[in-house]
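In the text below, chain A, chain B and the rest are named by the order of the sequence lines, each starting its count at 1. None of the values given here were measured: they were computed from a predicted structure.
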Protein chains: 2
Amino acid sequence: MKKAEATRQTILQKGFDLIYTKGYQTTSIEDILSTTQVTKGAFYYHFRNKEEMGLAIINELMKPTLQTSFVDLQKEENPLKGIYNLMKHLLLENDFLKVEYGCPASNFTQEMTPWNTHFSKALNEIIQTWIQVMTDALNSGIEKGFVSKETNTKQVTIFVISGYWGIRNLGRLEDNTTVYTTYLNGLNNYLHSLV
Amino acid sequence: MKKAEATRQTILQKGFDLIYTKGYQTTSIEDILSTTQVTKGAFYYHFRNKEEMGLAIINELMKPTLQTSFVDLQKEENPLKGIYNLMKHLLLENDFLKVEYGCPASNFTQEMTPWNTHFSKALNEIIQTWIQVMTDALNSGIEKGFVSKETNTKQVTIFVISGYWGIRNLGRLEDNTTVYTTYLNGLNNYLHSLV
DNA sequence: AAGTAAAGATACTGTTTGGTATGTTTTTAG
DNA sequence: CTAAAAACATACCAAACAGTATCTTTACTT
């Protein structure tokens, strides 16, 4: 990796870390600079402003990362199992995502949506892809007989993703993984009702 | 109402409006002052600082408002119907809550949790009350035969509330009530699986 | 009506912060 | 090797903002 590209990645990575743990607005550019070896000149060489960095974090860091989690869903034969395992993985086993910090995409959405349309648009693209992948998985699950034919796959997808975002929010408040296991049990029961 | 109390309420009300639509951090005290007839002197007479105002908004405005929505849940005989109607009301019929702005409590939580424990605590109290009320309703629903005896009421509550918070988040992104109706249908199916 | 405390108005301050101007070093192309 | 462009460094600026100091008006009590 070229050196210039390395500093760019440093900024994005550290920027993501700080924003994930503290929020976008409470993370100042100075914060990023002081916790790295990057100077202001370098920062503004790579990004026109703070917003451009934020968008780069979404598009170049978060998007690809989430993309990989879709793979787990796609390689599982039974989508109901796939969905449950994905959620379990995201909530309990992924040591990149922490309870107390919630879901990066969800956090970002909540904080930025009211006043920044660019962010909303970028985030919406991510979530729409997720919805698409899950719906497709459920549809093929119907064909393979894993899911009841009467299932409205789009509806189930929306329902499941809502639950995920919500529980992440709740998890932050309580700062405790027991709500996660409780949620997962609830999800499990729900998914079984779709067979 | 005394005049002093009136200005205090003006601040809280306008503060809530702005925070609900724009977020806490993007709402400056100057914003509140310029959209009301209140001056800085008056503001700082009533509140020691911005945080104290935020907490007052949670405790004196949001808490009581949410309390009233619980009543709907408690007066319904069948808790499953009660839950569905409550959600439907909150999502589609309450013209105080807007799609594009989401759920005030959820928004606040997301924005403040990472850096302000006072806010988290106040918000957690609200949500814990909500959980309690819903669980109680479901428990009495079991006794009355509306809900299956095998139901884990706490689990169902967590599952339902997560869904609500999540869909509000999703609704903001898409800025469209169709996700709400989709969600409500999903919720309806889920609740029927508990009979 | 007068005196006192509550309530409100105005001007100001210190700091944070995003962003710029300008200069220096490093890399790359020819 | 050298010139030019890319990459980085430092000092500075203007705006926004939370909060304070001080002064004036309003409301209440006796």
Exercise. Can you list every ring-ring contact (aromatic ring centres under 6.0 Å, His included) pair that touches residues 161-181 of chain B, not counting sequence neighbours?
Worked result: B:Trp130-B:Tyr164

Problem set entry | Set of residues satisfying side-chain hydrogen bond (donor to acceptor under 3.5 Å, both in side chains) with respect to A:Ser162, sequence neighbours excluded | none

Exercise. Quick one, which residues of residues 12-29 of chain B touch DNA chain C with a heavy atom under 4.0 Å?
Worked result: none

Exercise. With sequence neighbours excluded, what pairs up with B:Asn116 under the side-chain hydrogen bond (donor to acceptor under 3.5 Å, both in side chains) test?
Worked result: none

For this session: Can you sort out which residues in residues 108-116 of chain A have a heavy atom within less than 4.0 Å of DNA chain C? Ascending by number, please.
Result: none

Exercise. Can you check whether B:Thr7 has a side-chain N or O nearer than 4.0 Å to OP1 or OP2 of C:dG8?
Worked result: yes

Seminar exercise, completed: Protein-proximity profile, nucleotides 25-30 of chain D, B/S/- by nucleotide at the 4.0 Å heavy-atom cutoff, equals --SS--

For this session: Identify the two heavy atoms, one from A:Gly23 and one from A:Glu111, that lie closest to each other, and give their separation to 0.1 Å.
Result: CA-OE1, 3.4 Å

Exercise. When the distance from CZ of B:Arg8 to C1' of C:dG8 is rounded to whole Å, what number comes out?
Worked result: 16 Å

For this session: Go through A:Glu143 and A:Asn139 one step at a time and tell me if the side chain to side chain contact (heavy atoms under 4.5 Å, CB included) criterion holds.
Result: CA-CA 7 Å; A:Glu143 286 173 19; A:Asn139 281 333; 5.6 Å; no

Exercise. Going by heavy atoms closer than 4.0 Å, what residues in residues 41-60 of chain B are next to DNA chain D?
Worked result: B:Tyr44, B:Asn49, B:Lys50

Exercise. Does the side chain of B:Val156 come within less than 4.5 Å of B:Tyr190's, by heavy atoms?
Worked result: yes

For this session: Considering only NZ, NE, NH1 and NH2 on the basic side and carboxylate oxygens on the acidic side, decide whether A:Lys14 and A:Asp31 come within less than 4.0 Å.
Result: no

Problem set entry | Results of side-chain hydrogen bond (donor to acceptor under 3.5 Å, both in side chains) for B:Ser120 - residues two or more places apart only | none

Exercise. What residues, two or more places apart in sequence or in another chain, satisfy ring-ring contact (aromatic ring centres under 6.0 Å, His included) together with B:Tyr20?
Worked result: B:Phe16, B:Tyr101

Problem set entry | B:Glu30: side-chain hydrogen bond (donor to acceptor under 3.5 Å, both in side chains) partners, not counting sequence neighbours | none

Listing, residues 80-97 of chain B side-chain donor-acceptor contacts under 3.5 Å, not counting sequence neighbours, or none:
residue: B:Asn85; atom: ND2; partner: B:Lys81; partner atom: O; Å: 3.3
residue: B:Asn94; atom: OD1; partner: B:Phe96; partner atom: N; Å: 2.8

Give the table of side-chain donor-acceptor pairs shorter than 3.5 Å for residues 50-61 of chain A, with sequence neighbours excluded, one pair per line with atom names and distance.
residue: A:Lys50; atom: NZ; partner: A:Tyr24; partner atom: O; Å: 3.1
residue: A:Lys50; atom: NZ; partner: A:Thr27; partner atom: O; Å: 2.8
residue: A:Glu51; atom: OE2; partner: A:His118; partner atom: ND1; Å: 2.5
residue: A:Glu52; atom: OE1; partner: A:Arg48; partner atom: NH2; Å: 3.4
residue: A:Glu52; atom: OE2; partner: A:Arg48; partner atom: N; Å: 3.3
residue: A:Asn59; atom: ND2; partner: A:Leu55; partner atom: O; Å: 3.2
residue: A:Glu60; atom: OE1; partner: A:Arg8; partner atom: NH2; Å: 3.0
residue: A:Glu60; atom: OE2; partner: A:Arg8; partner atom: NH2; Å: 2.7

Problem set entry | Quiz item: B:Lys40 side-chain donor-acceptor pair to C:dG8 base, under 3.5 Å | no

